[in-house]
Q: 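Sharing a structure with you now.
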Amino acid sequence: MSFALSAALDTTALAGHFADHGYVSIASVLPEENARRMYKALNEFASWNMVFNNRGRHVDLPAAQIHAMLPQKLHELQTAIYQQASSEFQYLYDDYPIFDAHREGRNREHALHKFYEWLDDQEFLDFARKVTGFDDISFVDAQATRYRPGHFLTTHDDDQQDKNRRAAYVFNFTPEWLPDWGGYLQLLDDEGHVRRGLRPAFNVLNLLAVPQRHNVSIVAPFCTRSRLSITGWLRYGDKQA
């Protein structure tokens with residue numbers, strides 16, 4: 001099955017919203033069969049890493065290492081992660097780095113990689129340029145993410161030196177999410193108020209201009225589902241840099 005954008009998208013209207021508000025949320029962005037394929041791929045994926053920030057250093061713990069940890073050690077690690085989150089930038093969620101794995105030649109026949117190849121090709125890149133107004137977007141990166149109870153991403157703006165990011169994107173593949181479960185993508189104003197809260201959803205694409213302050217609210221301990229998405233940045237310049 002090949003991937004495509006929905007034929008019903010109004011690119012002009014979407015571009016107008018993005019220009020006015022710095023973001024746009026696009027429902028039914030893919031044909032239904034494409035979205036269901038991606039949900040299945042994410043829901044059945046088993047090789048998740050646990051990622052967090054250790055005083056400015058990104059840490060990526062493979063699934064095998066997590067499973068080998070004693071419960072007490074895992075609890076101590078999670079406690080340290082939460083302590084850092086109280087005063088510094090922090091995150092905790094499950095991740096599969098599609099962009100890095102693809103460049104290394106791993107798992108390229110998997111549906112997640114086929115989706116990334118489509119993202120990095122002309123149909124989606126042309127659409128992204130038209131909607132965001134950034135004509136110099138030349139490539140995308142990608143990661144699969146899974147947020148479970150206790151997972152979160154604290155406030156940041158995605159503006160990272162030498163990464164050449166024009167906009168962030170989130171392809172949502174989460175059906176039947178309740179508001180009480182948290183996990184909202186929250187766009188913040190200059191005073192820290194939530195100016196827009198975007199609920200985890202199914203077959204919805206969110207595009208955000210960079211820089212822009214936002215976070216992902218913590219997923220409630222009583223949540224019974226996983227927040228599944230493909231996320232990354234629309235970037236300019238040399239992909240190999």
Q: Test of understanding: clusters of I, L, V, M, F, W, Y form through side-chain heavy atoms closer than 4.5 Å, transitively. Do M38 and F127 belong to the same one?
A: yes

Q: For the residue pair L119 and Y169, what are the closest heavy atoms and their distance?
A: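 Heavy-atom minimum between the residues: CD1-OH, 3.5 Å.
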
Q: Looking only at heavy atoms, which two atoms of L234 and A128 are closest? And how far apart?
A: CD1-CB, 3.8 Å

Q: More than 12 heavy atoms of other residues, nucleotides or ligands under 6.0 Å from NE2 of H21: is that the case?
A: yes

Q: Going through the checks in order, is the side-chain contact (heavy atoms from CB on, under 4.5 Å) test met by F18 and F134?
A: CA-CA 11 Å; F18 188 92; F134 296 122; 4.2 Å; yes

Q: Please find the pair of heavy atoms, one from E88 and one from T154, that lie closest to each other, and give the distance.
A: O-OG1, 4.1 Å

Q: For the residue pair I66 and W48, establish whether any side-chain heavy-atom pair is separated by less than 4.5 Å.
A: no

Q: Is any side-chain heavy atom of V59 closer than 4.5 Å to one of N53?
A: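 No. Closest side-chain heavy atoms not under 4.5 Å.
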
Q: Tell me whether the count of non-hydrogen atoms from other residues, nucleotides or ligands lying under 6.0 Å of CG in D20 goes above 12.
A: yes

Q: Pick out which of F139, F171, F115 makes a ring-ring contact (aromatic ring centres under 6.0 Å, His included) with F124.
A: F171

Q: Nearest 0.5 Å, please: how far is CG in N54 from CD in Q84?
A: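 One finds 6.5 Å between CD of Q84 and CG of N54.
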
Q: Quickly, which of F152, Y93, W177, Y184 forms a ring-ring contact (aromatic ring centres under 6.0 Å, His included) with Y147? Name it, please.
A: Y93

Q: Determine whether V216 and Y91 make a side-chain contact, defined as any pair of heavy atoms from C-beta on separated by less than 4.5 Å.
A: no

Q: Where do D136 and Y236 come nearest, in terms of heavy atoms and distance?
A: O-CB, 3.2 Å

Q: Any non-hydrogen side-chain atom of M50 less than 4.5 Å from a side-chain atom of L77?
A: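 A side-chain contact exists here, since the closest heavy-atom pair is under 4.5 Å.
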
Q: Where does the angle between the aromatic ring planes of H17 and Y23 fall among parallel (under 30°), tilted (30 to 60°) and perpendicular (over 60°)?
A: perpendicular

Q: Rounded to the nearest 0.5 Å, how far does CG of N215 lie from CD of Q186?
A: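 If I round to the nearest 0.5 Å, the distance is 4.5 Å.
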
Q: So, taking the atom named CE in M69 and the one named NE2 in H67, what distance separates them when rounded to the nearest 0.5 Å?
A: 12.0 Å

Q: Ignoring hydrogens and geometry, is there a side-chain-to-backbone donor-acceptor pair from D121 to E123 under 3.5 Å?
A: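 Answer holds: no.
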
Q: Please report the closest heavy-atom contact between I230 and A142, naming both atoms and the distance.
A: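 Smallest interatomic distance, heavy atoms only, reads CG2-CB, 4.3 Å.
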
Q: Are L5 and L125 linked, directly or through intermediate hydrophobic residues, by side-chain heavy-atom contacts shorter than 4.5 Å (ILVMFWY only)?
A: yes

Q: Taking side chain as C-beta onward, heavy atoms only, is D157 less than 4.5 Å from V210?
A: no

Q: Stepwise, does the side-chain hydrogen bond (donor to acceptor under 3.5 Å, both in side chains) test hold for Y116 with H110?
A: CA-CA 10 Å; Y116 164 68; H110 195 281; over 6 Å; no

Q: Tell me, with the steps shown, if N206 and S25 meet side-chain contact (heavy atoms from CB on, under 4.5 Å).
A: CA-CA 4 Å; N206 300 323; S25 186; 2.8 Å; yes

Q: What do the steps show when you test L112 against N107 for side-chain contact (heavy atoms from CB on, under 4.5 Å), and what is the final call?
A: CA-CA 9 Å; L112 298 180; N107 302 326; over 6 Å; no

Q: Would you give the length of the straight line joining atom OG1 of T79 to atom CG of L74, rounded to the nearest 0.5 angstrom?
A: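 Going from the OG1 atom of T79 to the CG atom of L74 covers 9.5 Å.
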
Q: Any idea which heavy atoms bring L92 and H151 closest together, and the distance?
A: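 Nearest heavy atoms, L92 then H151: O-CB, 3.0 Å.
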
Q: Check whether any side-chain heavy atom of Q78 sits under 4.5 Å from a side-chain heavy atom of F52, and report yes or no.
A: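 No; the side chains remain at least 4.5 Å from each other.
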
Q: Would a distance-only check, ignoring hydrogens and angles, find a side-chain to backbone donor-acceptor pair under 3.5 Å from Q212 to L187?
A: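 Checked: no pair found.
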
Q: Examine Y39 together with F173 and report whether their ring centres are nearer than 6.0 Å.
A: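 They do not qualify: ring centres at least 6.0 Å apart.
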
Q: Ignoring hydrogens and geometry, is there a side-chain-to-backbone donor-acceptor pair from N34 to A4 under 3.5 Å?
A: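 Yes, because the side chain of N34 sits within donor-acceptor range (under 3.5 Å) of the backbone of A4.
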
Q: Identify whether the distance between the nearest side-chain nitrogen and carboxylate oxygen of K239 and D120 falls below 4.0 Å.
A: yes

Q: Applying a strict under-4.5 Å side-chain criterion to I, L, V, M, F, W and Y, I'd like to know whether V131 and I137 cluster together.
A: yes

Q: Give a yes-or-no answer on whether the side chains of N172 and S229 include a donor-acceptor pair shorter than 3.5 Å.
A: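 Side chains of N172 and S229: no pair found under 3.5 Å.
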
Q: Just checking R225: does its CZ atom have more than 12 heavy atoms from other residues, nucleotides or ligands closer to it than 6.0 angstrom?
A: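 Enclosed.
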
Q: Ion pair present between E117 and K114, side-chain N to carboxylate O less than 4.0 angstrom?
A: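 The answer is yes: the pair qualifies as a salt bridge.
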
Q: So do the side chains of L208 and L185 get within less than 4.5 Å of each other, counting heavy atoms only?
A: yes

Q: Spell out, as yes or no, whether a donor-acceptor pair under 3.5 Å connects the side chain of S217 to the backbone of G183.
A: yes

Q: One pair to check against side-chain contact (heavy atoms from CB on, under 4.5 Å): R146 and L42. What are the steps and the verdict?
A: CA-CA 8 Å; R146 181 179 68 173; L42 289 163; over 6 Å; no

Q: Is the backbone N or O of H102 less than 3.5 Å from a side-chain atom of R108, with the two atoms forming a donor-acceptor pair by type?
A: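 Looks like yes, one N/O pair under 3.5 Å.
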
Q: Judged by atom type as modelled, is there a donor-acceptor pair below 3.5 Å linking the side chain of T174 to the main-chain atoms of L228?
A: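 Here the side-chain-to-backbone pair exists.
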
Q: As an exercise, state the distance from CG of L30 to CZ of R36, rounded to the nearest 0.5 Å.
A: 12.5 Å

Q: Side-chain heavy atoms nearer than 4.5 Å, only ILVMFWY residues, links allowed to pass through others: does that put F89 and L188 together?
A: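 Different hydrophobic clusters.
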
Q: Picking from W118, F3, F45, Y96, what satisfies ring-ring contact (aromatic ring centres under 6.0 Å, His included) with H113?
A: Y96

Q: Would you say that Q83 contacts Q90 through its side chain, given a criterion of any heavy-atom pair below 4.5 Å between the two side chains?
A: no

Q: Give a yes or no on whether W233 and V170 share a hydrophobic cluster (residues Ile, Leu, Val, Met, Phe, Trp, Tyr; joining criterion: side-chain heavy atoms under 4.5 Å apart).
A: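 W233 does not cluster with V170.
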
Q: When you measure from the side chain of R235 to the backbone N and O of K163, does any donor-acceptor pair fall under 3.5 Å?
A: yes

Q: Measure the CG-CD1 distance between L9 and I26 for me, rounded to the nearest 0.5 Å.
A: 6.5 Å

